[in-house]
2 protein chains.
Amino acid sequence: MKRSYLLYGVVAGVLLVVLQAVQYKTMIRDMRLELYAGVIAILFMIIGVVVGLQFVKRKSTNAVDSTKANQLNLSERELEVLHLLADGYSNQEIADKLFVSLNTIKTHISKLYQKLNVSRRTQAVQKARDLAILIPPKG
Amino acid sequence: MKRSYLLYGVVAGVLLVVLQAVQYKTMIRDMRLELYAGVIAILFMIIGVVVGLQFVKRKSTNAVDSTKANQLNLSERELEVLHLLADGYSNQEIADKLFVSLNTIKTHISKLYQKLNVSRRTQAVQKARDLAILIPPKG
DNA sequence: AAATCACTCATACTTTCGGGTGATTTCACT
DNA sequence: AGTGAAATCACCCGAAAGTATGAGTGATTT
């Protein structure tokens, strides 16, 4: 989560810098301010849409009851992984989403299984629901 | 949908004009281009987020449709397998429980995935819940 | 009788999972 | 300063899952 925000910030900054550079180099005479503003607006609107989609995706799926999670000593990262696991993502997809390697995800999931006392991902999801760690979106 | 796009376009245009007006009136000397670009970027990123939220909201509300479960034409056997699947059983365990071969279960699951338009068992469970094919235990 | 469908099973193949082990780094606690 | 938990990543290996294709049987429909 924290990484996501950081990423978006970095992307935003880089884009601004790039726009500046481009502007000073070649377009300062040809490009009017309106057009410049328009380009920025469109770019960041696209970014905003992406951010918004990411945001809602997490909220619209499974919620996490962090209180009960703490009783099992599940770490934050493990909860994140569990969340994505329950959403049906593969290990590789989870790795991509969290910007870590596949091996790391495997480790997280392995520990998750130990703490939940299961040996398969479907069981993990099942158990997490039973323990109200994962709360379905609706009813 | 088309109206939405039009609306956003209009809003974007109006905002641009407003920004222009403000810029020419009071800020042309004080405000540097970087800051100006930054303001536009932030504003439109916010707009983008809002757009993104709207977008997903509609999709997620349409997702739950009890009639869709029937339209999928899931056979009895496939439903049986789906239930056991959701309970966290492995293919081999499902095969044993239903007194058929592992390959048969694979075939059933394969067709199940096609009908549910998924490619993994966790996704199948997730989707089945969304479509109210699977009803979570307890309440 | 022919066509269709659900169910069954098989072979062969690729991909993903999960277990085991070990290592490094960071950070909080004492 | 040492301890321990958490997070990161790596390598190996076997098991499970999933894909593709084909095929046989019984029941139902046309």
Side-chain angles (χ1 to χ4, degrees), chain A residues 1-7 10 58 62 64 66-129 133-134, chain B residues 69-129 133-134:
Chain A
M1 284 293 242
K2 291 168 187 174
R3 287 201 174 187
S4 299
Y5 292 130
L6 190 68
L7 178 70
V10 169
R58 305 234 166 137
N62 291 309
V64 170
S66 52
T67 314
K68 299 212 174 184
N70 290 337
Q71 294 172 358
L72 288 174
N73 287 322
L74 297 185
S75 73
E76 242 183 81
R77 206 54 161 169
E78 284 163 358
L79 267 180
E80 265 184 305
V81 172
L82 175 59
H83 183 189
L84 294 171
L85 192 74
D87 286 345
Y89 292 111
S90 70
N91 289 349
Q92 186 61 63
E93 285 169 339
I94 296 173
D96 292 343
K97 278 182 181 290
L98 299 182
F99 302 104
V100 296
S101 84
L102 175 60
N103 292 309
T104 302
I105 296 302
K106 283 187 178 183
T107 305
H108 285 315
I109 290 181
S110 187
K111 291 194 173 182
L112 209 45
Y113 289 170
Q114 289 174 26
K115 291 180 181 178
L116 290 175
N117 193 31
V118 298
S119 57
R120 276 190 290 276
R121 49 182 53 218
T122 40
Q123 290 176 340
V125 175
Q126 188 81 346
K127 195 124 188 183
R129 283 184 205 278
I133 297 171
L134 287 176
Chain B
N70 299 329
Q71 294 175 351
L72 289 174
N73 285 323
L74 297 186
S75 74
E76 248 182 76
R77 209 56 162 166
E78 285 161 357
L79 265 180
E80 265 184 303
V81 173
L82 176 58
H83 275 101
L84 293 172
L85 194 73
D87 286 344
Y89 292 112
S90 69
N91 289 350
Q92 186 60 63
E93 285 169 341
I94 296 173
D96 293 342
K97 276 179 183 291
L98 299 182
F99 301 103
V100 295
S101 84
L102 174 61
N103 293 308
T104 303
I105 296 303
K106 283 188 179 182
T107 303
H108 285 316
I109 290 180
S110 190
K111 288 194 174 182
L112 209 45
Y113 289 171
Q114 288 174 25
K115 292 181 181 178
L116 289 175
N117 194 31
V118 297
S119 56
R120 275 188 290 279
R121 50 182 52 217
T122 41
Q123 289 178 339
V125 174
Q126 188 80 345
K127 194 124 186 183
R129 283 183 204 279
I133 297 170
L134 287 176

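In what follows, every chain begins at residue 1, and chains take the letters A, B, ... in the order their sequences are listed. Note that the coordinates shown come from a computational prediction; the quantities given were computed from them, not determined experimentally. These numbers come from the heavy atoms of this one structure, side chains and all, not from hydrogens, waters or symmetry mates.
Remark: C1' of dG18(D) and CD1 of Ile94(B) are 13 Å apart, rounded to the nearest angstrom. Residue Lys111(A) contributes atom NZ, which lies 9 Å from atom P of dA5(D) at whole-angstrom precision. Taking atom CG of residue Leu112(B) and atom P of nucleotide dA17(D), one finds them 14 Å apart after rounding to whole Å. One interatomic measurement links the two molecules: CG of Leu98(A) to P of dC9(D), which rounds to 11 Å at whole-angstrom precision. For the pair Arg77(A) CZ and dT26(C) P, the interatomic distance rounds to 16 Å; values are reported in whole Å. The nearest whole Å value for the distance from the CD atom in Gln92(A) to the C1' atom in dG18(D) is 17 Å. As a whole-Å value, the separation of Leu102(A) CG from dC13(D) C1' is 15 Å. Remark: C1' of dA5(D) and NE2 of His108(A) are 13 Å apart, rounded to the nearest angstrom.
Contact annotation: Ser75(B) does not reach the phosphate of dC5(C) (side-chain N/O to OP1 or OP2, under 4.0 Å). For the OP1/OP2 pair of dG18(C) and a distance below 4.0 Å, the side-chain nitrogens and oxygens of Tyr113(A) include at least one atom meeting the criterion. At dA17(D), one or more side-chain N or O atoms of Arg121(B) fall inside 4.0 Å of OP1 or OP2 (strictly under the cut-off).
The residue Thr104(A) sits close to a base: some heavy atom pair falls under 4.0 Å. Residue contacts shown for Asn91(B) are limited to sugar-phosphate atoms, with no base heavy atom under 4.0 Å away. Contacts of Lys106(A) with the nucleic acid, taken as non-hydrogen atoms under 4.0 Å apart, include base atoms.
Between Asn103(B) and Lys115(B), the residue anchored closer to the 5' end of DNA chain C is Lys115(B), taking for each the nucleotide with the nearest heavy atom.
Rounding to the nearest 0.5 angstrom, the gap separating the CD atom in Glu93(A) from the CG atom in Asp87(A) is 11.0 Å. With rounding to the nearest 0.5 angstrom, the CD1 atom of Ile94(B) is 12.0 Å from the OG1 atom of Thr104(B).
For Ser101(B), the side-chain atoms get nearest to dC9(C) when compared with the rest of dT8(C), dC9(C), dC17(C). Which of dT8(C), dA7(D), dG18(D) sits closest to the side chain of Val100(B) comes down to dT8(C). Here dG19(C) is the nucleotide among dA6(D), dT8(D), dG19(C) with the atom lying nearest to any side-chain atom of Ser110(A).
Asn91(B) and Lys106(B) make their closest contact through ND2-CG, 4.2 Å (heavy atoms, listed as atom of the first residue, atom of the second, distance).
Within the 3.5 Å criterion, the main-chain N or O of Asn73(B) finds a donor-acceptor partner in the side chain of Lys115(B). Under a 3.5 Å cut-off, the side chain of Tyr89(A) and the backbone N or O of Thr122(B) do not form any donor-acceptor pair.
Searching all strands for a Watson-Crick or G-U wobble partner of dA10(C) with both distances below 3.5 Å returns dT21(D).
At a cut-off of 3.5 angstrom, the base of dC9(C) holds at least one donor-acceptor pair with the side chain of Thr107(B).
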